[in-house]
Amino acid sequence: MDRFSARVANRLVGNDDGAAVLEMTLKGPTIEFEDDALIALSGADLSPRVADVSIPGWRALLVKAGTTLTFGPARWGCRAYLAVAGGIDVPEVMGSRSTHLRAGFGGYEGRALRGGDDLQRGAPSELAEEIAAGAPRDTGQRTFALTQKRIGAQSIRSIFDRSTVRYTTGCEARLFGAATRAAFDETTFTVSPASDRMGFRLTGRALEIDDEQELPSRGVAFGSVQVPRGGEPILLMADHQTTGGYPVIADVIAADLPLVAQRKPGDKLRFQRVDVGEAQRVLREAETLLDEMTERAHADG
Amino acid sequence: MRFGVQHLGDSAVLVTLGDHADEVALARVRGVTAALEKDPPAHMVESVPGYRTVAIHYDPLSISYEAFKDLVVEKVSGVSGASAPPARTIEIPVCYGGDFGPDLTAVAQHNDIEEKAVVSLHTKQEYRVRMIGFAPGFAYLDGMSERLATPRLEQPRRSVPAGSVGIAGGQTGVYPLDTPGGWRLIGRTPLRLFDPALEEPSLLRTGDVVRFVAIDQATFNSRNGGAS
């Protein structure tokens, strides 16, 4: 859902961007590491603890064999990512290690993880060894050690602290009148509890369509905002269906999808229109920032 | 061929090939899809056919919208409705009624015909796949006889087995996966509509002609889990 955070976690442990990570929504599991491992957490702050000591997110750390990672209350955001050096090792299906929950294939046996599941990891990269080498040898009583590889809080805030979510005009925007389109930008929507990986239902204003056409289904995208008959928009998320027949009023820009993914039921969303050129410029900037953040090693512990 | 290209967010474009979802549009969609598969424009990620559109996802970090749009316009301009490959005909064996078709009686009663007539009306039609969507391997089929139209269940079933053949309003289709569903179930096919291990995981594709063929329980059992 939040690809930016997933990629950061992977880079912190020397993985390729596409290595399989674990996504946790609002609650985290209890994970016991059977071997020493270089790990990193990103995305939501779910109060992570290693051997019952609070640990930071956005930073690579070495955990020793036998150590347990636990989580607590969600302090910020919705979806947290755990990356392990070498990536989580599950078979590739259709070129991906991710899970299609609804169809029940991919990932770990095509399902969400359960207590007792055993996960394997791939071989850590050379970079992972270098990062791990930057951790203090003597950890005293602790069973983990922080490395120097981390992202600063300010860089993260620049990605997630926006009051509006930017979008480009949807393919069927012209079917909604000017008044409705203006209202879309002026409304504060709330993410409803009836939201999941397929899409977020937004409450706050029913959007009236001026031109009620029977629309044949067409391809849609992660970020498309569909408006079904009732008028309450649905913001399509990572597990969206490939096609849809509802009119689309807006498409959230790729650069703002991570911050949408960190919104949970009850959170607010406001939209702001930009043109495609601006959307792509912002995306390139976000990519540059990601590269800079993850290449820099911070000198201070 | 007249067509339009517009942005679909910042990472895809939508090519519109007709004002209506008719046979002409379907031929154009198939022609464009074939051309894109044969010789994809630089930085294309995936193409998704619709009833009268093709959505094309691309990598916006490698190419701008304007530049990709130019590539798409060039590609689509070279396609005519006549360049669509010949349609495949796919036969789907179906064991009708009994445990596989718990709503066969309801469909018959709703339309005031015999159960045998339901099977006969369902199998004598030729259907056209207009689009794959909704779920992996799910085919939107055109062409069902109006005399079989039956409203969906008031209360959907919590789980409908994969391969179930159903009717919802004026449409018929096959569930590719175990999912909840409100369609009226009239039979089941032993074929797998979707297999992620295959090079082309979906059995059906846009433009295919589909025929349903009635089989008995014994034949069903011998073919269960297989591909045609």
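In what follows, chains carry the letters A, B, and so on, assigned in the order in which the sequence lines appear, proteins first and then strands, with residues in each chain numbered from 1.
- Contacts of T169(A) with chain B are made by both backbone and side-chain atoms, with heavy-atom separations under 4.5 Å.
- Contacts of P49(B) with chain A are made by backbone atoms alone, with heavy-atom separations under 4.5 Å and no side-chain atom involved.
- In this structure, no portion of H240(A) lies under 4.5 Å from any heavy atom of chain B.
- No side-chain donor-acceptor contact under 3.5 Å links T89(B) to the backbone of V209(B).
- The existence of a salt bridge linking R205(B) and D208(B) is excluded, since no basic side-chain nitrogen approaches an acidic carboxylate oxygen closer than 4.0 Å.
- Residue H57(B) touches chain A through its side chain alone, counting heavy-atom pairs closer than 4.5 Å.
- No other option in V252(A), V248(A), I253(A) has as many heavy-atom pairs under 4.5 Å with chain B as I253(A).
- Neither the backbone nor the side chain of I56(B) has a heavy atom closer than 4.5 Å to any heavy atom of chain A.
- By the 6.0 Å and 45° rule, R102(A) stacks over the aromatic ring of F134(B).
- In this structure the side chain of I92(B) reaches within 4.5 angstrom of the side chain of V94(B), judged on heavy atoms.
- Salt-bridge annotation for E23(B) and R128(B): present, with a side-chain N of the basic residue lying under 4.0 Å from a carboxylate O of the acidic one.
- Of all the listed residues (S47(B), S64(B), A12(B), A197(B)), the one sharing the greatest number of non-hydrogen pairs under 4.5 Å with chain A is S64(B).
- Between chain A and the residues E199(B), E46(B), E66(B), R52(B), the most heavy-atom pairs under 4.5 angstrom are made by R52(B).
- Taking the six-membered ring for Trp and the full ring otherwise, F184(A) and F176(A) have centroids separated by 6.0 Å or more.
- The shortest side-chain heavy-atom distance between L26(B) and T206(B) falls under the 4.5 Å cut-off.
- With respect to chain B, the highest number of heavy-atom pairs below 4.5 Å among G245(A), A279(A), G106(A), S217(A) belongs to S217(A).
- Contacts of P196(B) with chain A are made by both backbone and side-chain atoms, with heavy-atom separations under 4.5 Å.
- In this structure, the portion of L14(B) lying under 4.5 Å from any heavy atom of chain A is its side chain and not its backbone.
- Proximity of a side-chain donor or acceptor of T99(A) to a complementary backbone N or O of L101(A) within less than 3.5 Å is not detected.
- Interface residue V220(A): only backbone heavy atoms are found under 4.5 Å from chain B.
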